[in-house]
Asker: 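Next up is a structure, given as structure tokens.
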Amino acid sequence: MITASPAIRIEIPSSPGIRPGRVSQSWQAYDAYRVASDLLDRGRRPDAFVVGDDYYALGLYRALRERRIRIPDDVLVMRWGNHPFARFMEPPLSTLLLPFQEVARRATRRLLDRIERKRRRSGGGTICA
């Protein structure tokens, strides 16, 4: 479950017939517009979109607006990021923020611990950075 605010709750279902989809790897507004338009024009409208970037949300907003699909009445949109322009979007975007420095610190520590355990088991080794 992802909680965006006290009023919005998104559950990713575990049912075999319903699963979240990844439809693009690009982070450009136009690509988001194109992908969302294609999805919506095929009659497939999810309950929510979780996008990885504010620019992607911008393209998605346009595709939804052109089809008179209202946010958040008809579909929810949530994004990762915190670009300053996003506060001017209407309606405002729900945001998921990650403490990137803390995530990087923990990932680095785990990687170094794993390398050290492997080095001890093999009796030596070299780390190049």
Side-chain angles (χ1 to χ4, degrees):
M1 176 181 60
I2 300 169
T3 303
S5 74
I8 299 174
R9 201 175 94 173
I10 300 170
E11 293 187 23
I12 298 176
S14 59
S15 167
I18 304 173
R19 53 193 177 91
R22 184 176 190 187
V23 294
S24 177
Q25 295 180 6
S26 169
W27 301 106
Q28 302 300 313
Y30 177 76
D31 292 327
Y33 170 78
R34 183 184 46 76
V35 169
S37 294
D38 182 55
L39 180 73
L40 296 167
D41 290 345
R42 287 186 285 149
R44 298 184 61 197
R45 186 172 79 200
D47 297 315
F49 289 91
V50 179
V51 297
D53 181 81
D54 294 322
Y55 290 101
Y56 208 85
L58 188 63
L60 174 61
Y61 263 51
R62 180 173 176 182
L64 293 168
R65 187 174 49 251
E66 286 179 355
R67 287 154 184 81
R68 291 184 169 72
I69 299 171
R70 299 166 302 158
I71 306 164
D73 299 329
D74 301 325
V75 67
L76 301 174
V77 177
M78 190 177 303
R79 50 92 186 220
W80 297 96
N82 195 20
H83 196 284
F85 79 75
R87 67 178 163 229
F88 297 105
M89 295 178 71
E90 187 59 39
L93 278 164
S94 295
T95 303
L96 297 167
L97 293 176
L98 281 178
F100 288 108
Q101 288 180 331
E102 179 64 17
V103 170
R105 186 188 67 74
R106 288 183 184 197
T108 301
R109 180 77 263 152
R110 290 183 72 184
L111 177 61
L112 291 173
D113 289 346
R114 180 179 276 180
I115 291 169
E116 181 61 24
R117 282 193 306 272
K118 187 175 181 180
R119 187 190 63 77
R120 279 191 225 138
R121 281 195 304 263
S122 69
T126 304
I127 299 174
C128 298

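Residues: numbered from 1 along the sequence shown. Quantities reported herein were computed from a predicted structural model and do not represent experimental measurements.
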Asker: Closest approach of Val75 and Pro46, non-hydrogen atoms and distance?
Answerer: CG2-O, 3.3 Å
Asker: Would you check if the side chain of Tyr61 reaches a backbone N or O of Pro91 as a donor-acceptor pair within less than 3.5 Å?
Answerer: yes
Asker: How many angstroms lie between atom CZ of Arg114 and atom CG of Leu111, to the nearest 0.5 angstrom?
Answerer: 8.0 Å
Asker: Restricting to side chain to side chain contact (heavy atoms under 4.5 Å, CB included), what partner residues turn up for Asp113, sequence neighbours left out?
Answerer: Arg109, Arg117
Asker: Check for me, please, whether Tyr55 and Ile71 land in the same ILVMFWY cluster - side-chain distances under 4.5 Å, paths through other members count.
Answerer: yes
Asker: Please report the shortest heavy-atom distance between Leu58 and Met89, naming the atom on each side.
Answerer: CA-CE, 3.8 Å
Asker: Can you list everything that forms a salt bridge (Lys or Arg N to Asp or Glu O under 4.0 Å) with Arg70? Sequence neighbours excluded, please.
Answerer: Asp73, Asp74
Asker: Between CG of Leu40 and CZ of Phe49, what distance do you get to the nearest 0.5 Å?
Answerer: 5.0 Å
Asker: Same hydrophobic cluster for Val50 and Tyr33, using side-chain heavy-atom links shorter than 4.5 Å among ILVMFWY?
Answerer: no
Asker: Do Val77 and Leu64 make a side-chain contact, defined as non-hydrogen atoms from C-beta onward lying under 4.5 Å apart?
Answerer: yes
Asker: Under the side chain to side chain donor-acceptor pair (under 3.5 Å) rule, collect the residues that match up with Gln101, sequence neighbours excluded.
Answerer: none
Asker: Within a reach of under 6.0 Å around CZ of Arg110, are more than 12 heavy atoms found that belong to other residues, nucleotides or ligands?
Answerer: no
Asker: Would Arg34 and Asp38 pass as an ion pair if we require N to O under 4.0 Å?
Answerer: no
Asker: With sequence neighbours excluded, what pairs up with Arg67 under the salt bridge (Lys or Arg N to Asp or Glu O under 4.0 Å) test?
Answerer: Asp41
Asker: Residues in side chain to side chain donor-acceptor pair (under 3.5 Å) with Arg62, at least two apart?
Answerer: Glu66
Asker: Residues in side chain to side chain contact (heavy atoms under 4.5 Å, CB included) with Glu102, at least two apart?
Answerer: Pro99, Arg105, Arg106
